[in-house]
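Here the structure comes first, spelled out in structure tokens, and everything after it is commentary.
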Amino acid sequence: MTGIVTISPSREKPILNRHPWVFSGAIQDVQDAAPGTIVDVVTHKGEFLARGYWNPKSQIQVRILTWQDEPIDDVWWQRQLKQAIESRAAYHHPTEPRGYRLINAENDYIPGLVVDRYGDYLVLQALTLYIDQQKQQIALQLTHICQQLNMPIKGIYERSDVDVRKKEGLGLTTGVLWGEEPPELVEVISGDKVRLIDIRHGHKTGYYLDQQHNQNMLPRFLATYGLNDGHTRILNLFSYTGGFGLATQGHVTNVDASRPALELAEATYQRNQWPEERVDFIQADIFDFLRDQAENGEQYDVVILDPPKFAHHKRQIDAAARGYKDLNMYALRAVRQCGFLLTFSCSGAISPDLFQKIVFGALVDSRRQAQIIRHLEPSPDHPVALTFPEGAYLKGLLLRVF
Ligand code: SAH
């Protein structure tokens, strides 16, 4: 029997507008529902609104899968998965291994499911109870679809070691879901470079794929300004495995707090035959590092500032804003006259508008001037559903600094 979730009369609007989340406060009544199963979402008069899955442990009690009165069966899954995967056809290369996101959860109308591809391997994240229960079935469907689309895969690895699962009453888990265990490092081609991905231990599913597009547009952009030789000084802050720097042709200083990230960065630069004298890997806390740079008056042609998420929810916005402002102030000071700053925030709770205001505040404090050259977005394989503004977590500014 399908459970029934009745919505309070004044709370129907977002659902009618196809927002996929139903919060506990919007629910009037729940009948015959079991955690992690499909429910019908209805008005107080009993009229059908949508169908989704229920978890009473989560603040987001229902995540909507469809607004049609249709069964959530194999046919539904096949259609949804295929639509998402086919829409990334441009990323597929018949012979070269590529890395990109195949399924971007709510933004691809499959709440709670993330699937990334690294060459012959898929990496799956199950973020909710229902998806967790369905994951074997989903893995099987994925193998069929990949076969049909002529992109056979060797294995599907699960990286459900993300804290948001705790909100669903789930623990953290990783391991092979289907097929072969991925090798220690998987190689993917991105732009004219090889990137090494550690599927099992790397951050997220192994790489910050959302930044791939921004990384790869950088060399062409910098070339326009003649910043495309070994004399161009690039400061890559929060470098992770060095992705932004690797895309340029400059002298790159990668800074990150994580030793394993920097080790993988070093291996990646070596794999690309990057001249040793044109790259540094510095393990440091960026706040300390930037204060030192400011004291020494060190400046760079290009600074990239891509910090981790500072605001995990709305209550943290003020503290996060102070952190971003501080960092941006120092980062602006580290840019030479007429140089560039790429500055990002991946906090969903910080809107693009607020982010721009924070950077403005930092600019005032830094006593510099800056122009917005571009607003930066996540890679196109990380689309944001127009009905789901929460999906727009990554925002950035490309600034010219004076
Ligand atoms: N720019 C990277 C992604 C950055 S993710 C890319 O394009 O791939 C954020 C990184 O910040 C992580 O690698 C994490 O190890 C690092 N980090 C987090 N806090 C830090 C701190 N206080 N100082 C230095 N690095 C930090």
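Atoms within a ligand are numbered from 1 in the order they appear, just like the ligands themselves. Every value quoted in this text rests on a predicted model; they were computed, and no experiment measured them. As a basis for the values below, the full set of heavy atoms in this structure was taken, side chains included, without hydrogen atoms, waters or symmetry mates. Each residue takes its place number in the sequence, starting with 1.
Annotation: F238 is not in aromatic contact with F344 [ring centroid separation under 6.0 Å not met].
The line from OH of Y118 to CD1 of I197 is 5.5 Å long, rounded to the nearest 0.5 Å.
Taking the six-membered ring for Trp and thresholds of 30 and 60 degrees, Y208 and H203 have ring planes more than 60 degrees apart, a perpendicular arrangement.
Around ligand 1 you find H203, Y208, Q215, F238, S239, Y240, F244, D256, A257, S258, A284, D285, I286, D306, P308, each with a heavy-atom distance below 4.0 Å.
Exactly one residue among K82, R101, R88 makes a salt bridge (Lys or Arg N to Asp or Glu O under 4.0 Å) with D108. That residue is R88.
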request  = Assess whether salt bridge (Lys or Arg N to Asp or Glu O under 4.0 Å) is satisfied between D116 and K204, documenting all intermediate values.
outcome  = CA-CA 10 Å; D116 289 341; K204 303 230 271 189; over 6 Å; no
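A search for salt bridge (charged side-chain N to carboxylate O under 4.0 Å, His left out) contacts involving R322 returns nothing, not counting sequence neighbours.
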